[in-house]
Amino acid sequence: MTTIQDRPLPGLLPGLSVAYGRPHRDGAVLDLFTSWARRTPNAPALIDGGLTLSYAELDRLADGIAGQLAGRVRPGDLVGLCLDHSAALVAATLAVARLGAVHLPLGPRPGERRLRAVAEQLRPACLIGDPALLPPAHRDGRHHPVTAPGATGIVAAFADDTGGAEAVRAPRGTQYTVLTSGSTGLPKAVAVGQTALGALLTWYRELTGLGPGDRHSLLIGVSFDPHLMELWAGLTSGAALCVAPEAVRWDPAALTDWWRTAGITVGVLPTPLAEPVLDRPWPADLPLRHLTVGGDRLRRTPGPDVTATVHNAYGPAEATITTTVHSMAPGAEHGTGAPPIGRPVPGAIVLVADENGRPLPRGEAGELRIGGQGLAIGYLDAGLTAERFVSAPDDLDGTDRVYRTGDRVLMRADGVLEFLGRLDDQVKVSGVRIEPAEVEAALERDPRVRRAAVVARPAPVGGAQLLAFAQPVTEGAPVDGAELLAAVRPWLPEQAVPSVLRLVDGFPLDANGKIDRAALLKAEEAEAQQGAERSAGSGAAGAGADGPATPTERTLLRICADLLGRTDLGPSDNFLDAGGTSVTAARLLAALEEEFGVRLRAPMLLRQPDLRAVARLVDERRPGAAAG
């Protein structure tokens with residue numbers, strides 16, 4: 001458990017919103033894995049279903065991949081991994097570190113156009129993945145097959161034609177680079193150092209007691225930076241990494257079942273998945289000891305039946321994954337409502353600042369700024385780095401720069417931080433930071449769109465939901481909103497795809513001549529209310545070509561309307577196309593089980609072409625009910 005130190009600061013009054021984590025301990029990253037491979041060569045390092053690799057086997061596999069990349073990949077080069085959780089992903093991560101190169105986790109489905117933009121902007125020396133999904137320069141370049149258990153058709157791809165441009169190289173000491181949403185329409189690349197990651201892993205291993213004999217989940221989305229913490233925590237502790245099946249990322253019941261059968265003792269969950277898990281009765285006899293939750297504001301505390309210690313963690317990618325933590329022990333009373341984000345981890349310095357960057361008195365809300373050991377090296381763009389990583393107050397001890405998070409927080413008298421929201425337009429959708437401007441830029445790339453505006457509103461299930469408004473060009477064929485959404489998907493991560501897209505003739509403007517997003521949102525809410533009233537007034541008349549025909553369909557549409565904030569849904573709508581995500585799918589599964597006593601698995605739900613088929617599947621599986 002982290003403690004706080006309130007050092008007397010020269011020139012600063014006591015009672016200010018400044019807090020220090022206890023002194024950090026440096027920690028190795030790659031060397032620790034190599035040490036475990038020598039000390040416990042036969043211990044399990046990676047478990048993926050029926051596949052188990054020992055530390056020695058994983059070490060040899062990583063060596064083989066490193067040998068394939070040697071000579072083409074130099075220290076400081078970016079190597080993008082377009083892979084999902086697998087032996088190939090883990091071994092390639094080790095291989096990149098072994099070469100002194102910089103790991104760029106992109107995930108298996110980064111979006112074709114988004115990946116092309118990243119390749120053109122960063123020009124990575126190598127991309128590893130399915131060649132069919134790679135951008136043209138890498139798809140048409142030189143390929144080396146990557147051999148790993150369970151992997152077929154995976155290559156290391158080198159772009160032969162870069163237009164004469166040099167590959168972007170990361171600063172010395174960089175361990176990995178992750179992408180965060182950018183207001184220019186292109187993602188920002190954050191460079192994180194080896195020492196910062198090593199210190200974080202040392203703290204995490206001490207916090208959880210992670211070590212040989214433990215099993216740690218490998219579940220977080222590959223492009224989401226907490227994935228790096230769970231992956232390296234397992235490999236540097238002598239524990240086994242266990243790859244989570246795809247279905248458990250959508251289904252809280254399947255997740256806890258998997259924790260039990262796989263023997264998971266330490267795990268990490270994104271907040272949007274953790275909340276429905278904590279909403280359910282905690283299963284008995286789970287081996288899970290520690291559960292770290294992060295990525296979004298946690299809105300509830302664990303109940304008295306939860307037998308694991310739950311750590312509510314906060315931290316931006318620019319400060320190496322975790323900056324503060326609030327730990328909630330099992331069996332204790334933790335109050336109601338949202339838990340705080342806690343106190344700084346070792347080596348971190350936090351202050352709550354006014355608009356001039358000066359610390360505020362405790363109890364006053366302001367911007368959270370972070371300094372200390374965990375700061376990233378910066379962005380791979382000097383201008384962006386200068387904008388967000390600024391000089392620390394002159395009288396602040398222990399750091400010469402701080403990162404401006406843009407988060408609004410309050411430090412209580414006891415030094416504990418409470419999260420209040422964002423200061424700017426950036427929002428979190430399913431735990432991922434999204435710049436609405438990035439979504440607008442993606443929509444405006446379509447030649448059929450003259451101008452776009454994206455507005456965030458509270459989602460019915462918590463967090464935020466994106467609504468897009470697009471003004472079509474006047475010439476050409478009529479534009480369909482569903483077609484525009486389909487076209488924008490390849491540019492964006494899943495969480496940034498708007499739930500709703502409305503076509504508009506023009507945009508309301510405020511007194512400064514800017515798009516009045518509040519007016520757009522108000523008009524959308526009024527239209528939705530009118531639609532709900534029309535549906536309520538039509539009654540049984542709605543059971544026409546696209547009206548609910550059965551009680552199950554009516555109930556399902558009501559549940560989906562509540563989850564998605566959509567009153568215009570019909571049985572022929574597809575759940576995902578209507579704005580469904582992994583988070584809302586998990587809640588839909590839970591609601592169907594509660595309403596009908598039918599437990600569906602996520603793949604069964606997602607395979608259905610429309611909501612009418614989902615209702616039919618529910619009817620077929622209801623105890624004692626006839627199909628139909």
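Just so it is clear, the structure is predicted and the values come from calculations on it, not from any experiment.
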Decide side-chain contact (heavy atoms from CB on, under 4.5 Å) for Val190 and Thr177; before the verdict, give the C-alpha distance in whole Å, the side-chain angles of both, and the deciding distance to 0.1 Å.
CA-CA 5 Å; Val190 183; Thr177 295; 5.6 Å; no
Report yes or no: does Thr405 contribute a side-chain atom to a donor-acceptor pair with the main-chain N or O of Arg369 at less than 3.5 Å?
no
On the ring face of Phe158, is Arg72 found with NZ or CZ under 6.0 Å from the centre and within 45° of the axis?
yes
Apply side-chain contact (heavy atoms from CB on, under 4.5 Å) to the pair Val79 and Val73, showing each step before the final yes or no.
CA-CA 8 Å; Val79 179; Val73 172; 3.8 Å; yes
Distance, nearest 0.5 Å, that separates CD of Gln68 from CD1 of Ile128:
8.5 Å
Between CG of Leu210 and OG1 of Thr265, what distance do you get to the nearest 0.5 Å?
6.5 Å
Can you tell whether the side chains of Glu206 and Arg22 come within less than 4.0 Å, N to carboxylate O?
yes
Does the pair Leu218 and Val90 meet the rule for a side-chain contact (heavy atoms from CB on, under 4.5 Å), with working shown?
CA-CA 10 Å; Leu218 187 62; Val90 177; 4.0 Å; yes
For a 4.5 angstrom cut-off between non-hydrogen side-chain atoms, does Leu228 reach Val178?
yes
With sequence neighbours left out, which residue pairs that include part of residues 220-235 fulfil the side-chain hydrogen bond (donor to acceptor under 3.5 Å, both in side chains) condition?
none
Search all heavy atoms of Gly153 against all heavy atoms of Pro131 and return the closest pair with its distance.
O-CD, 3.1 Å
Return yes if some donor-acceptor pair links the side-chain N/O of Thr202 with the main-chain N/O of Gly198 below 3.5 Å, else return no.
yes
Looking at side-chain heavy atoms only, is the closest gap between Pro136 and Arg116 below 4.5 Å?
yes
To the nearest 0.5 Å, what is the distance between CG (Leu368) and CG (Asp407)?
6.5 Å
What one should report as the nearest heavy-atom pair of Pro135 and Ala119 is CG-CB, 3.7 Å
Can you classify the ring geometry of Tyr403 versus Phe389 as parallel (below 30°), tilted (30 to 60°) or perpendicular (above 60°)?
tilted
Using side-chain heavy atoms (C-beta onward) and a distance below 4.5 Å, is Cys82 in contact with Leu115?
yes
Could you tell me the separation between the CG atom of Leu298 and the OH atom of Tyr314, rounded to the nearest 0.5 Å?
15.0 Å
Arg289 bridged to Asp214 by N-O distance under 4.0 Å
yes
Validation row: Leu99, Val96 side chains within 4.5 angstrom (heavy atoms):
no
Trp203 vs Thr208, side-chain contact (heavy atoms from CB on, under 4.5 Å): CA-CA, chis, key distance, verdict:
CA-CA 9 Å; Trp203 161 78; Thr208 61; over 6 Å; no
Closer than 3.5 angstrom, by distance alone: can the side chain of Thr271 be matched with the main-chain N or O of Gly294 as a donor-acceptor pair?
yes
Are Asp77 and Arg74 close enough for a salt bridge, meaning some N to O gap below 4.0 Å?
yes
Kindly say whether Thr195 contributes a backbone atom to a donor-acceptor pair with the side chain of Gln373 at under 3.5 angstrom?
yes
Is Leu200 close to Met229 at the side-chain level, that is, under 4.5 Å between some pair of heavy atoms?
yes
Could you give the distance from CD1 (Ile264) to CH2 (Trp259), rounded to the nearest 0.5 Å?
9.5 Å
Can you list every pair that meets ring pair (Phe, Tyr, Trp, His ring centres under 6.0 Å) and has a residue in residues 24-53, with sequence neighbours left out?
Phe33-Tyr55
Nearest non-hydrogen partners of Gly295 and Phe224, listed with the distance:
CA-CZ, 3.9 Å
For Arg404 and Glu387, indicate whether the former's side chain and the latter's backbone hold a donor-acceptor pair under 3.5 Å.
no
Between Lys188 and Asp381 (salt bridge meaning N to carboxylate O under 4.0 Å), is one present in this structure?
no
Expected output: side-chain Gln175 to main-chain Val192 donor-acceptor under 3.5 Å
no
Does some side-chain heavy atom of Leu81 sit less than 4.5 Å from a side-chain heavy atom of Pro105?
no
Any side-chain hydrogen bond (donor to acceptor under 3.5 Å, both in side chains) pairs touching residues 125-134, not counting sequence neighbours?
none
Sub-3.5 Å donor-acceptor pair from the side chain of Glu444 to the main-chain atoms of Ala452, do we have one?
yes
Going by atom types alone, do His290 and His311 pair a side-chain donor with an acceptor below 3.5 Å?
yes
Taking side chain as C-beta onward, heavy atoms only, is Ile434 less than 4.5 Å from Leu466?
yes
Answer yes or no: is there a donor N or O on one side and an acceptor on the other, between the side chain of Thr324 and the main chain of Arg343, under 3.5 Å?
no
Are Arg445 and Trp491 in a cation-pi setup, meaning NZ or CZ lies under 6.0 angstrom from the ring centre and within 45 degrees of the ring axis?
yes
Tell me whether Thr174 contacts the main-chain N or O of Tyr176 through its side chain, where contact means a donor paired with an acceptor under 3.5 Å.
no
To the closest 0.5 Å, what do you measure between CG (Leu32) and CG (Leu201)?
8.5 Å
Determine, for Glu246 against Arg249, whether the closest basic-nitrogen to carboxylate-oxygen distance falls under 4.0 angstrom.
yes
Please report the closest heavy-atom contact between Thr399 and Gly371, naming both atoms and the distance.
OG1-CA, 3.8 Å
Where do Ser54 and Asn42 land on the side chain to side chain donor-acceptor pair (under 3.5 Å) test, with the steps shown first?
CA-CA 5 Å; Ser54 69; Asn42 298 319; 5.2 Å; no
For the backbone of Leu219 and the side chain of Ser217, can you confirm whether one donor and one acceptor N or O come within less than 3.5 Å of each other?
no
Work out which heavy atom in Ser86 is nearest to a heavy atom in Asp48; give both atom names and the distance.
CA-OD2, 4.0 Å
Measure across Tyr379 and Thr385 and return the closest heavy-atom pair with its distance rounded to 0.1 Å.
N-OG1, 2.9 Å
Using only heavy-atom distances, determine whether the side chains of Arg205 and Thr236 contain a donor-acceptor pair under 3.5 Å.
yes
Is there side-chain contact between Asp446 and Leu443, with heavy atoms separated by less than 4.5 Å?
no
